[in-house]
Structures are given as C-alpha cells and as structure tokens.
Asks: 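Input: one structure, supplied below.
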Amino acid sequence: MVREIAENELNELLQLYLHLHEKSVPEMTEHLKRTWDSILKDEDHHIIVNEIDGKIVSSCVCVIIPNLTRSIRPYAFVENVVTHIEYRGKGYATECLNYAKDIAQKNNCYKIMLLTGSKEKATLDLYRHAGYNSTDKTAFIQRLE
C-alpha cells in the first residue's frame, strides 16, 4: 500500500535508508526530532512509503517548490528513492514515484525533477520506466561539507 508516512514511523524509515547510502541510523537527538517535526508540519514536503505486509519496503521524498516562472506554477523535486534490497525489482519504487507524480499533478506542478548518483542500469531503467529522462537538463552539484 502506497501512502504518506505516519509520525511514528521515523525509525522504520531510517532503517530503510540503510539500503540507500546511510551507514548507520542517526542517534535520536534534539536536532533529529526538530527536523522530523519540521518535515511533518510542512505541507509541501511529502515522504511517500510503500508498505508490504506491515513493513515499509520502499520510499521516496517529494517536495513541492513554489516558483515565479512558468505561469507561477510550482515544480516538484524527488529525492531519496530507496527500496529494501530484499524487495527490489517488484515495482515498489515505481509505485512510490507514481504517487509522487500524483502529488505533483494535484499541486499543478509543471515538472518533476529527480537526481541520482547511481550509474547502475537497473536504477536508471527504473527512472526511465517511471517517465523520467536524462536529456532535458544538465545537473550540477556542489557539495557543502
């Protein structure tokens, strides 16, 4: 079942992020609690999860960003697309991405952007299959450490 995350599911989400790029689950600090609370209160920040048999197995984040161009239409940014390694290849991430697309359409977004650091064919094929392309824009990243 694809849906938005519940407030009490933070730990399960952080465990899932171990299948993304995280090496450990962060300690429950005040900073983490404030960040989680801020995300939950932000109506433009959506954490989408796919739950199978009571377990969150896939997720992505979709943020709606207000915009002053394109007839004052917002755009959406998708990030942190992840599926538990034991559940990959079953379409769960695609279902999350489709849910994000529905959110973007309901918010009258003119586009959805998604960046990936992966060069893996399966990952790139997933995004292409979900309707994304890698030809429209060139992405530049500047890391701030």
Asks: Looking at Glu79 and Cys62, would you say the former's side chain and the latter's main chain have a donor-acceptor pair under 3.5 Å?
Replies: no
Asks: Does any N or O in the side chain of Thr123 come within less than 3.5 Å of the main-chain N or O of Ser118, such that one atom is a donor and the other an acceptor?
Replies: no
Asks: Please check if the side chain of Trp36 supplies one atom and the backbone of His31 the other of a donor-acceptor pair under 3.5 Å.
Replies: no
Asks: Ignoring hydrogens and geometry, is there a side-chain-to-backbone donor-acceptor pair from Thr94 to Ala130 under 3.5 Å?
Replies: no
Asks: Check whether any side-chain N or O of Asn133 sits under 3.5 Å from a backbone N or O of Asp136 as a donor-acceptor pair, and report yes or no.
Replies: yes
Asks: Do Asn107 side-chain atoms and Cys109 backbone N/O form a donor-acceptor pair below 3.5 Å?
Replies: no
Asks: With sequence neighbours left out, what residues match Leu18 under side chain to side chain contact (heavy atoms under 4.5 Å, CB included)?
Replies: Gln15, Glu22, Val25
Asks: Check Val61 against Val63 and note the closest heavy-atom contact, atom names and distance.
Replies: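 Heavy atoms only, the tightest pair is CG1-CG2, 3.9 Å.
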Asks: Using a strict 4.0 Å threshold on nitrogen-to-oxygen distance, state whether Asp37 and Arg34 make a salt bridge.
Replies: no
Asks: Could you walk me through whether Ile47 and Asn80 pass side-chain contact (heavy atoms from CB on, under 4.5 Å), step by step?
Replies: CA-CA 9 Å; Ile47 298 179; Asn80 296 336; over 6 Å; no
Asks: What distance do Tyr99 atom OH and Cys60 atom SG have between them, rounded to the nearest 0.5 Å?
Replies: 10.5 Å
Asks: Only counting residues at least two apart or in another chain, list the ones meeting side-chain hydrogen bond (donor to acceptor under 3.5 Å, both in side chains) with Arg3.
Replies: Glu9, Glu51
Asks: CG/Asn98 to CD1/Ile103 distance, rounded to the nearest 0.5 angstrom?
Replies: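 Result: 11.5 Å between the selected atoms.
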Asks: Anything under 30° is parallel, anything over 60° is perpendicular, the rest tilted; go ahead and classify His84 against His19.
Replies: tilted
Asks: Are Pro26 and Leu14 packed together at the side-chain level, in the sense that at least one heavy-atom pair is separated by less than 4.5 angstrom?
Replies: yes
Asks: Classify the angle between the aromatic ring planes of Tyr87 and Tyr92 as parallel (below 30°), tilted (30 to 60°) or perpendicular (above 60°).
Replies: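 Tilted: the ring planes of Tyr87 and Tyr92 meet at 30° to 60°.
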Asks: Side chain of Asn67, backbone of Arg73: donor and acceptor closer than 3.5 Å?
Replies: yes
